[in-house]
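Shown next, in structure tokens, is the structure this report addresses.
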Amino acid sequence: MEEDAGALPKKQDFSEWYNELLWRAEIMDVRYPVKGLYVWYPYGFAIRRFVYDRLRQLLDRDHKEALFPLLIPEQEFMKEAEHIKGFEDEVYWVTHGGTTPLDVKLALRPTSETAIYPMFALWVRSHADLPLKIYQVVNTFRYETKQTRPLIRLREITSFMESHTVHATWDEAEAQVESEIALSQEFYKSLCIPIVISKRPDWDKFPGADYTIAIDTIMPNGRTLQIGTVHHLGDHFSRTFSIQYEDKNGEQQIAYQTCYGISERCIAALISVHGDDKGLVLPPAVATLQAVIVPITIGKRRDDVLAAADKLKSDLESSGFRVKLDTRDMRPGAKYYWWELRGVPLRLELGPRDLDAGKAMAVKRTGEKTSIRLANAAEDTTRVLAEVADALRAKAEDGMKEHLCSVASMEQLNGALNDGKVAVVHWCQDRACGDKIEEQANSSILGTNVRSPYVQESDGPCVICGKPGKATLVGRTY
RNA sequence: GGGGUAGUAGGGUAGCCUGGUCCAUCCUAGAGCGUUUGGGACGCUUUGACGGCGGUUCGAAUCCGCCCUACCCCA
């Protein structure tokens, strides 16, 4: 009877679970009265901070962070034809300054190529200026017409990390694409989120790119979520914006570019992949609090227990852990549920019995109970948190494996998709066949050149026309 | 993009057709006090709302118009 008191919807009912969890764990408040815009609660914002700190840490190894304006003048925005076509339906325009109509409309950036590249044209003079690698973390605006969802489909993307690079040659830019893919892999590894990488079909590449490599993860309901993209821009934008450099022979050469983006969808994935029926489960690397200490204070031992808990807290803090001592006037059980909902990876319970044994009970958010020695608290906590991360990663990888399968016919494809899976089929790469696959299976072609430990690259007959085809990832997407 | 349904306190509902004791109700919500505390404690007290703007009217949660927002179905 107590069981349903305050319980979340089951994770099986993913959509309900997701919305309720965002609210209950105080990540996003969806009640802001503009469609597609949501409010970050302090707790959610703290998670965001740790996640983006990690991302910055990786980028800072060879990129510089900068900040470009939100508003883009119409004539710059309109310069690259393919790019406009891709975005024109979803751009917000600023048309007035006060009550005065503007001579030149200003776009709220849906992405920043056209804000950044005119400046790159000024910055890049000689081969010595290359490669140029810049990133920024900003909000962007897209007038989405499909159903909006917090962290997933937004009209204001609040946390768009976009990286833009300039290189002397196409090949160097391609090498940069690979290095950005590697960076993504490292980033998602620290979030314990399994990913699958593929090359998007031509009709789905970034408007104005030579090709697009996408990073997807699979949500618990089997729909895929694109959580990163890397684009080889070739020389499309550099020609349009005149980004050229003087080579060693004193001749002007056109530059080549890449760009790369990750948004708060990475946090949607973090929540969805790891969360369970009790709430959030945060990987230790990005957890707002890595451990919470719950003192069990009864009768006259109260002061002893509190003193020991306080010492445990400062020991852990001085070793760099993010720790909270929960001394609120609540029953211990209520505190357990509270912190489980909020995803704290480790709970340390300290009561008279533990004190006598010189230990604290350590309960992992992933399930198992163990203990840490009070005299070696930092050492033991390091170990236990590493175990939590390993368990999370293993569980998430299992989930990914279960959601992937290979099929050889449209009938099987439909069956697999209806079963909540993402499937590998063979496809001849012809647009007409691609359209048929998407229509007949009510799905999307994610891409070819699939990189995943669970997918074998292979050739086989196209599921539509029977001509030779390549392994292609097909799924239902967010 | 097309169609439909709906917005009442922290959350969930009733009331609306037929305008007036409507100070409504439930809870896992909030605030206060007390007793409690090794897996969601209990008692008492209490706060708080009719999505927004405008109209009709002596009087609007209720009728009319516009807007915003949410959800569902179809493309």
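Proteins come first, then strands; the chains are lettered A, B, ... in the order of their sequence lines, and each starts at number 1. Note that these values count all heavy atoms, side chains included, but never hydrogens, waters or copies made by symmetry.
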Anything under 3.5 Å between a protein N or O and an N or O of nucleotides 45-53 of chain B, put it in a table, one pair a line.
none

Could I get the full list of side-chain hydrogen bond (donor to acceptor under 3.5 Å, both in side chains) partners for A:H236, not counting sequence neighbours?
A:D210
With A:E16, which residues qualify under side-chain hydrogen bond (donor to acceptor under 3.5 Å, both in side chains), at least two apart?
none
Is it true that, when you exclude A:F14 itself, more than 12 heavy atoms of the residues, nucleotides or ligands shown sit nearer than 6.0 Å to its CZ?
yes
Separation of [X] atom [atom1] from [N] atom [atom2], in whole Å?
| X | N | atom1 | atom2 | result |
| --- | --- | --- | --- | --- |
| A:I296 | B:G39 | CD1 | C1' | 9 Å |
| A:R301 | B:G38 | CZ | P | 16 Å |
| A:L348 | B:G38 | CG | P | 18 Å |
| A:Y336 | B:G38 | OH | P | 8 Å |
| A:L8 | B:G40 | CG | C1' | 13 Å |
| A:L306 | B:G38 | CG | P | 15 Å |

Residue list, salt bridge (charged side-chain N to carboxylate O under 4.0 Å, His left out) with A:E397, at least two apart or on another chain:
none
Which of residues 323-330 of chain A sit near RNA chain B, with a heavy atom under 4.0 Å from it?
A:D329, A:M330
Which residue pairs satisfy the side-chain hydrogen bond (donor to acceptor under 3.5 Å, both in side chains) criterion with at least one member in residues 83-109 of chain A, sequence neighbours excluded?
A:R109-A:N139
Residue A:A334, side-chain atoms from C-beta onward, closest of B:G40, B:G39, B:G38
B:G40
If we take the P atom in both B:U5 and B:C63, what is their distance in whole Å?
14 Å
Summary of salt bridge (charged side-chain N to carboxylate O under 4.0 Å, His left out) pairs that have at least one residue in residues 273-292 of chain A, sequence neighbours excluded:
A:K10-A:D277, A:D276-A:R365, A:K278-A:E340
Pairs in or reaching into residues 383-394 of chain A: which pass salt bridge (charged side-chain N to carboxylate O under 4.0 Å, His left out), with residues at least two apart or in two chains?
A:K364-A:E387, A:D380-A:R383, A:R383-A:E387, A:D390-A:R393
Quick check: any donor-acceptor pair below 3.5 Å linking the side-chain of A:E340 to the base of B:G40?
no
Check whether any side-chain N or O of A:K11 sits under 3.5 Å from a backbone N or O of A:S272 as a donor-acceptor pair, and report yes or no.
yes
Would you list the atom pairs, donor with acceptor, under 3.5 Å between side chains in residues 437-448 of chain A and any protein atom, with sequence neighbours excluded?
unit_1: A:E438; atom_1: OE2; unit_2: A:I445; atom_2: N; d: 2.8

Map every base of RNA chain B to its dot-bracket character, where paired means a Watson-Crick or G-U wobble contact with both distances under 3.5 Å and | marks a partner outside the strand.
(((((((..((((......[...))))..((((((.....))))))....(((((..]....)))))))))))).
Could you tell me whether A:R347 contacts a base, only the sugar-phosphate backbone, or nothing, with contacts defined as non-hydrogen atoms closer than 4.0 Å?
base
When you measure from the centre of the six-membered ring of A:F50, is the NZ or CZ of A:R322 under 6.0 Å away and within 45° of the axis?
yes
Pick out the pairs of N or O atoms, protein on one side and nucleotides 1-10 of chain B on the other, that lie under 3.5 Å.
unit_1: B:G10; atom_1: O3'; unit_2: A:R31; atom_2: NH1; d: 3.2

Nucleotides 69-75 of chain B: protein proximity per nucleotide (B base, S sugar-phosphate only, - neither; heavy atom, under 4.0 Å)
SSSS---
